Amino acid sequence: MNRKLLQCKEYMYLLSAQAISNLGDWLDILALLALVGLKWHGSPIAVSITMLCLAVPSIVFGSFAGVLADRFERKHLMIAADILRAVIVIGVAFSTQLWQVYALLCVKSLFAAVFEPAKEGKLKEIVDDELMQPAVATSELINNGAKIVGPIISGLLVAGIGIQWSFYLDSLSFLASAALLLGVPKSVKRAKVSVEASEASASLIGQFKAGFTFMKKIPALLTGLIVFAVMILVLQLGDSQFVVLLREIPGDPIHVLGWIMAGSGAGVVIASLYLNKKEIRSCLTALTLASAGLGAGYIMAGLCIHLPMLWVSILYPAAGIVFGFCFGMGLIPFNVMAQKLTPSDYTGRVFGTISSVTTLAAVTGMLGGGFLTEWFGVVNTYVISGGLLVLIGVIVYSFRKRMQGGEINAKGDAGPHREAQG
C-alpha cells in the first residue's frame with residue numbers, strides 16, 4: 001500500500017471497518033445459501049429469490065440513498081447502517097419461514113444501499129486525488145481478499161458448529177465496523193458547489209435530479225457508466241448460469257465451483273495490487289480490454305467443459321483468476337474515474353446512481369441468462385455472452401475518444417469538461 005495512505009489514520013479506520021464488514025458479508029452469503037438451499041431444501045427459485053432480495057432493493061433505493069449520503073453526515077449514516085444490519089442478521093439467524101428471511105434481507109439491502117455511497121463520499125473527503133487510484137485499488141483488494149477468506153471460514157463454521165454461527169459472526173462484524181468508524185472524522189469542508197446545485201439542495205428530489213444533471217455534463221463519466229453497466233449485464237448472462245454449466249461435469253462439481261470462486265477473488269486481488277502501482281491512462285480503454293478478456297474467457301469456458309476431469313480441475317480455477325483479473329481491471333479504473341470527476345458534494349448521488357444502474361444491469365443479466373439457457377443450452381449461452389463481451393470491447397475501443405469527448409488520464413483531466421468538477 002502507498003506510504004502516504006498508511007500514514008492517513010482516517011483512511012486506515014475507514015479501510016479497517018470495510019475489511020471487517022466485507023469479511024462478515026461473505027460469511028453471511030454462504031450461510032444463507034446453506035440455510036435456504038440445504039437445511040430448508042429450498043427450490044432453485046427460492047434460492048434465486050434469496051439472492052434477488054439482496055439486490056433488487058438497491059436498484060429502487062440506490063439513487064435516493066445517494067441523496068441522503070450528500071445531505072446528511074456520512075459518518076453517522078454508516079454507523080447507523082452497520083448497527084441496524086447487525087440486528088437484522090440476528091433476525092435472519094432466528095427465522096423459521098422463508099418469507100421472514102426474504103423480508104429481512106430486503107431491509108438489510110436498503111441499509112447496505114445507504115452505507116455504500118456514504119462510504120464513497122467519505123473516501124472522497126479524506127483522500128486527495130493523487131492518492132485516489134491506490135486508495136480505490138486497496139479497497140478492492142480488501143473486498144476480494146474477504147471473498148477468498150470468508151467462504152473458507154464460513155464453510156468450516158457451517159460444517160463444524162452450525163449455520164447460525166456464521167450469522168452471529170456477521171452481526172459482530174457490523175458492530176466492529178461501527179466501532180472503527182468512530183475514528184473517522186466528521187465531514188470536512190467540501191468543495192464549493194455550483195449555483196445549480198445550491199438551488200437544487202432545497203429538497204431531496206431536487207438533489208436527486210441534480211445528481212443526474214451533473215453526470216450528463218461529464219461525457220466520460222456517463223459513457224463509462226453505460227459501458228460498465230452493459231458489460232455487467234452481458235457478464236451476468238453467463239455468470240448466473242455457472243452452476244448449470246458445471247452440471248455438465250460428471251460426479252460432484254462443487255469443489256470445482258469453490259476453487260473458481262477463490263480464483264476469481266484472487267484475480268481481482270492481483271489486479272488491485274497491479275493498479276496500486278500502474279497509472280491508469282484511460283478508463284474506457286481499460287473497460288474495453290476487460291470486456292474483451294472476459295468474453296474470450298467465457299467462450300473458452302463454454303467450449304472446454306467436456307474435457308477430461310483432470311483438465312477441467314486445472315483450467316477452470318485458472319480461468320477464475322483470469323475472470324477476476326479482467327473484471328478488476330475494468331471495475332477499479334471506472335471507480336477511480338468516478339471519484340476524481342465527482343466533487344464531494346455530489347459523490348453520494350453519483351455513486352448511488354451507479355449502484356442502481358449496475359445492480360439493475362446485473363439482475364437483468366441474471367434473468368436473461370436463465371432464458372438463454374432454456375432456449376439454447378448452457379454451452380451456447382456462454383459462447384453467446386462471450387462473443388457479445390468481445391464485440392462490446394471492440395466497438396467501444398474503436399469509438400472511445402468520440403464517445404467520451406476526450407481521453408481521461410490518471411490526473412482526472414477531462415478536456416473541456418474539467419470545469420464541471422466544481
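Here the structure is a predicted model, which means the values were calculated and not measured. Heavy atoms only: backbone and side chains are in, while hydrogens, waters and symmetry mates are out.
Side-chain atoms of Lys75 come within 3.5 Å of backbone atoms of Val184 as a donor-acceptor pair (strictly under, hydrogens ignored). A donor-acceptor contact shorter than 3.5 Å links the side chain of Thr342 to the backbone of Ala338. Tyr382 places no side-chain N or O within donor-acceptor distance of the main-chain N or O of Leu303, the cut-off being under 3.5 Å. Of the possible polar contacts, none joining the Ser291 side chain to the Met231 backbone as a donor-acceptor pair under 3.5 Å is found. Of the possible polar contacts, one joining the Tyr316 side chain to the Ala301 backbone as a donor-acceptor pair under 3.5 Å is found. Without hydrogens or angle criteria, Tyr102 side chain to Cys53 main chain gives no donor-acceptor distance under 3.5 Å. Between the Tyr298 side chain and the Gly293 main chain, no donor and acceptor come within less than 3.5 Å of each other. The backbone N or O of Tyr13 lies less than 3.5 Å from no partner atom in the side chain of Ser16, so there is not a single donor-acceptor pair.
Of the charged side-chain nitrogens involved, none lies within less than 4.0 Å of a carboxylate oxygen, so that Glu10 and Lys122 do not count as a salt-bridged pair.
Here the side chains of Leu294 and Phe325 are not in contact, with every heavy-atom distance at 4.5 Å or above. The shortest distance between side-chain heavy atoms of Leu182 and Ile79 falls below 4.5 Å. With contacts defined as side-chain heavy-atom distances shorter than 4.5 Å, the pair Val101/Leu105 qualifies. When side chains are defined from C-beta on, Val127 does not count as touching Cys8, because their heavy atoms never get closer than 4.5 Å. Two residues are said to be in side-chain contact when any heavy atoms from C-beta on lie closer than 4.5 Å; Leu123 and Tyr11 meet this criterion. The closest side-chain heavy-atom distance from Leu175 to Asp82 is not below 4.5 Å. Side chains of Leu287 and Phe228 form a contact here, defined as non-hydrogen atoms less than 4.5 Å apart. You'll find the side chain of Phe167 stays beyond 4.5 Å of the side chain of Ile90, heavy atoms only.
If you take CG on Leu169 and CD1 on Ile20, they are separated by 12.0 Å, rounding to the nearest 0.5 Å. Atom-to-atom distance recorded for Leu77:CG and Phe72:CZ is 7.5 Å, nearest 0.5 angstrom. Here Phe323 contributes atom CZ and Met300 contributes atom CE; the two are 5.5 Å apart, rounded to the nearest 0.5 Å. One distance of note links CD1 of Ile88 with SG of Cys106; it measures 10.5 Å at 0.5 Å rounding. Rounded to the nearest 0.5 Å, atoms OG1 (Thr50) and CG (Leu98) are 6.5 Å apart. In this structure, CG in Leu14 is found 5.0 Å from CD1 in Ile126, a value given to the nearest 0.5 Å.
Under the rule for a side chain to side chain donor-acceptor pair (under 3.5 Å), the partners of Thr373 that lie at least two apart in sequence or sit in another chain are Gln241, Thr381. Residues meeting the side chain to side chain donor-acceptor pair (under 3.5 Å) test with Asp170, sequence neighbours left out: Ser173. By the side chain to side chain contact (heavy atoms under 4.5 Å, CB included) test, Leu391 pairs with Ile395, sequence neighbours left out.
Residue pairs satisfying the salt bridge (Lys or Arg N to Asp or Glu O under 4.0 Å) criterion with at least one member in residues 284-293, sequence neighbours excluded, are absent. Applying the side-chain hydrogen bond (donor to acceptor under 3.5 Å, both in side chains) definition to pairs two or more places apart or across chains, those involving residues 104-113 are Asp28-Lys108, Ser58-Ser109.
When every heavy atom of Ala69 is checked against every heavy atom of Pro117, the shortest pair comes out as CB-C, 3.9 Å. Looking at every heavy atom in both residues, Leu275 comes nearest to Pro333 through CD1-CD, 3.9 Å. In terms of heavy-atom proximity, Val357 sits nearest to Ala229 at CG1-CB, 3.8 Å. Taking every heavy atom of both residues into account, Ser171 and Ala86 meet most closely at OG-O, 2.8 Å. The two residues Met329 and Ala286 make their nearest non-hydrogen contact at O-CB, 3.5 Å. Nearest heavy-atom pair across Ala93 and Gln164 is O-NE2, 3.3 Å.
Taking the six-membered ring for Trp and the full ring otherwise, the centers of Trp165 and Tyr168 sit less than 6.0 Å from each other.
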Q: Kindly determine whether Thr223 and Val227 satisfy side chain to side chain contact (heavy atoms under 4.5 Å, CB included), including the steps that lead there.
A: CA-CA 6 Å; Thr223 304; Val227 173; 4.2 Å; yes
Q.
Please determine whether side chain to side chain contact (heavy atoms under 4.5 Å, CB included) holds for the pair Leu84 and Phe115, giving the CA-CA distance in whole Å, both sets of side-chain angles, and the decisive distance to 0.1 Å.
A. CA-CA 11 Å; Leu84 291 169; Phe115 185 92; over 6 Å; no
N/O donor-acceptor pairs under 3.5 Å from side chains in residues 362-371, not counting sequence neighbours:
from	atom 1	to	atom 2	distance (Å)
Thr364	OG1	Leu360	O	2.8

